[in-house]
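When reading the values below, keep in mind they use all heavy atoms of this one structure, side chains included, and skip hydrogens, waters and symmetry mates. Residue numbers start from 1 in every chain, and the chains themselves are labelled A, B, ... in the order their sequence lines are given, proteins ahead of strands.
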2 protein chains.
Amino acid sequence: MSRVLVVDDDPHLLRALRISLRAAGYDVVTAPDGTTALRQAAAAHPDVVVLDLGLPDLDGTEVLAGLRPWFTGPVLVLSARADSHDKVAALDAGADDYVTKPFDMAELLARLRAALRRGTAEPGQAQVVTDHFTVDLAAKQVTVDGVPVRLTPTEWALLSELVRNPGRLVGQRELLQAVWGPAYERETNYLRVYLAQLRRKLEPDPAHPRYLHTEPGMGYRFLKDPPARASQRQ
Amino acid sequence: MSRVLVVDDDPHLLRALRISLRAAGYDVVTAPDGTTALRQAAAAHPDVVVLDLGLPDLDGTEVLAGLRPWFTGPVLVLSARADSHDKVAALDAGADDYVTKPFDMAELLARLRAALRRGTAEPGQAQVVTDHFTVDLAAKQVTVDGVPVRLTPTEWALLSELVRNPGRLVGQRELLQAVWGPAYERETNYLRVYLAQLRRKLEPDPAHPRYLHTEPGMGYRFLKDPPARASQRQ
DNA sequence: GCCGGGCGTCAGGATCGCGTCAAGACCACC
DNA sequence: GGTGGTCTTGACGCGATCCTGACGCCCGGC
C-alpha cells in the first residue's frame, strides 16, 4: 500500500481527495499549508505528494524546493491556473506532473498510478539503512554503528547519488555529471578517489566493499543487502 | 544530449516537433506509423518516446504494449482525444504522461524535461525473465538462479542488444555496429567469442543454447520461451 | 567422398581501468 | 598572515578485459 501526502488549503477538496484515495487503496496523510506539508513529508515518509500550488503560507515552488533535496518520490501538482507559463515553472521546479482544476478524479488516479509505477519501488524514504551504516537523506547525516560520521560536500553528493538508486548500476558519466557537472564527464579519477574515501569511512572492510561495488568500465552500484556469497561462482 | 523518438502520422506536426526539439538540444528520430516506431525504438535507443495515439496501422496502446517492458525510458502520449477515459487507458497501458492536442510547445518541452529528469525506470520495472536467468535492463544486472552474475561492458552491450529484441533475428552487422561501432562491421570473430562467453555465463547448457540461438550466416536471436522439445529434430 | 564456409573453442599477450598514495592548489576561517 | 580542511592532479602497480590467431567441427554444395 502506498502512502500519499495531500496538500491543499480547501477543506472540501481535501475531504473529497481523501475519500477517493482511501477508496483506491492508498494510505492518506494531509496537510493544509506548506510548513505542515514539509513537516509531514519528513515524518510520514509518503511515496508520493499531491500538492496544491495555492497555499496560504508558502508558495508552491517553495514547498517543492523544500522537498526536492531529499524526497525522491514523484510530486503531482494541482493548480487552478491553466496558463502554460505556470505549468512550465512548476515542472521545472521539480514537479512530475501538473493537473489543472477542476480535474477528473479518474484521471488524477491514473496519473498517480503512472507516477508511482515509475516512481519508487522502494518507498520514498529519507533514510537508507544497512547493517553497518545509515544514510539520512533529509538530515544529510551518516552514522556508522550509531556514530555520526562527517562527510565533505563532494563525498555527500556522490554518496546520495548512489544511495538514491539502491541496486541500480549508476554510470560513471551519470555520477560525474550529477556531482561535478557536465564539463567533468571524463574525469573518472575523481570517482576513484572519492569512492575510496567513502569506502574508508563507511565500509567495514574498505578493501573488500560490501555496499559500494565497482562495475569496471561501467560505473558503481550501491547494494543495501549484500548478495549471498555462498554459491558465488567465478 | 538526449534522443527522442517522435511518432506521428501528421507530417506537419512531425516537422514542427522535429524543429522545436532540435532547437531544444535533442537528437530527434521520427516514425510515421506504429511498426516503424517499434523498429526505430529498438534500433535507435531513444531516451524518451513521444507517441501519437492516432496511427494508421496500429493502435497506440498496441505500440505501448510493444514498447514495454523492455523500453526503460518514459513515453509521453499525444492525443486529440481529451476524454478522461482515454487518458486513463493510455496511462494504465504504460504511458508516463498524456498531452491533448492542440498543445503548447513550451509545456510539452517542460513535460519532456520532467520525464527525463526522473530518468530511467526503477529496477525491476524493465525485467526480461526466463526460466533460468533474469535481465534487469534498468539496473543493468543479470541474475542466474537468483545469483547476481558480473558481465563486462562488452558482454552487457551485446546481451542488452539481443534482449531488447526478444524473438527477433538481429543481424551480425547490426550487432557489431551497435556494440563496437560502424568500423567493425566485418569482425564476426568478436560475435563468436562474446556469444560464447555469454552462453557460458547464462545458459544452463552452453553447448546446446536454449536462449541465445545462432542463425548461421545471418545473426543471432534471443528467445524468451524456448520452443517445445517435441517439434525439435531428434 | 571431397571441399569450403561458417561457427565454437581456446589461450596468450597487449591494453585498459581501478585502487592507492601523496603532493600541490585552493579556500575559508581565524 | 597563518592554519586546517577540501579539492584537484599525477604516478604507479596490478588485475581484468579485450583483441587476435589458430584449430577442429559441422553442414551443405559439388
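Note: CD (B:Q197) to P (C:dC10) measures 11 Å, nearest angstrom. For the pair B:Y194 OH and C:dG8 C1', the computed distance is 16 Å after rounding to whole Å. In this structure, B:Y184 atom OH and D:dC18 atom P are separated by 13 Å, rounded to whole Å. Atom CZ of B:R173 is separated from atom P of C:dG6 by 12 Å (rounded to the nearest Å). Distance NE2 (B:H208) to P (C:dG8): 13 Å, rounded to an integer number of Å. Taking atom CD of B:E155 as the reference point, atom P of D:dA16 lies 14 Å away to the nearest angstrom.
Dashed line: the shortest gap from a side-chain N or O of B:W180 to OP1 or OP2 of D:dC19 is under 4.0 Å. Taking only side-chain nitrogens and oxygens, A:T152 comes nearer than 4.0 Å to OP1 or OP2 of D:dC7.
Not a single side-chain hydrogen bond (donor to acceptor under 3.5 Å, both in side chains) links B:E62 to another residue, sequence neighbours left out. Every residue two or more places apart in sequence or in another chain that forms a side chain to side chain contact (heavy atoms under 4.5 Å, CB included) with A:A157 is listed here: A:V179. Applying the side-chain hydrogen bond (donor to acceptor under 3.5 Å, both in side chains) rule to B:D205 yields the partners B:H208; only residues at least two apart in sequence or on another chain are considered. Residues forming a side chain to side chain contact (heavy atoms under 4.5 Å, CB included) with B:P166 (at least two apart in sequence, or on another chain): B:F222, B:K224. The side-chain hydrogen bond (donor to acceptor under 3.5 Å, both in side chains) check on A:T214 picks up A:R199, with sequence neighbours excluded. B:D9 meets the side-chain hydrogen bond (donor to acceptor under 3.5 Å, both in side chains) test with no other residue; sequence neighbours excluded.
For B:Y190, taking side-chain heavy atoms from C-beta onward, the closest of the listed nucleotides D:dT9, D:dC19, D:dG5 is D:dC19. In the set D:dG5, D:dC7, D:dT17, D:dT17 carries the atom at the smallest distance from any side-chain atom of B:R150.
Residue pairs meeting the side chain to side chain donor-acceptor pair (under 3.5 Å) criterion with at least one partner in residues 27-48 of chain B, sequence neighbours excluded, are B:R3-B:D27, B:D33-B:T35, B:D33-B:T36, B:T35-B:D57, B:H45-B:E161.
Using modelled atom types, one side-chain atom of B:D136 and one backbone atom of B:A138 make a donor-acceptor pair closer than 3.5 Å.
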Report each atom pair, protein N/O against N/O of nucleotides 15-22 of chain C, whose distance is under 3.5 angstrom.
unit_1, atom_1, unit_2, atom_2, d
C:dC18, OP1, A:Q172, OE1, 3.4
C:dC18, OP1, A:G217, N, 3.1
C:dG19, OP1, A:R199, NH1, 2.9
C:dG19, OP1, A:T214, OG1, 2.5
C:dG19, OP2, A:Y220, OH, 3.0
C:dG19, N7, A:R192, NE, 2.9

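Ion pair B:E203/B:R210 not flagged as a salt bridge, since none of the NZ, NE, NH1 or NH2 atoms sits closer than 4.0 Å to an Asp/Glu carboxylate oxygen.
Taking five base pairs at each end of the helix from C:dG1-D:dC30 to C:dC30-D:dG1 and finding the rotation axis that steps the C1' atoms of four pairs onto the next four gives two axes whose angle is 30°, to the nearest 10°.
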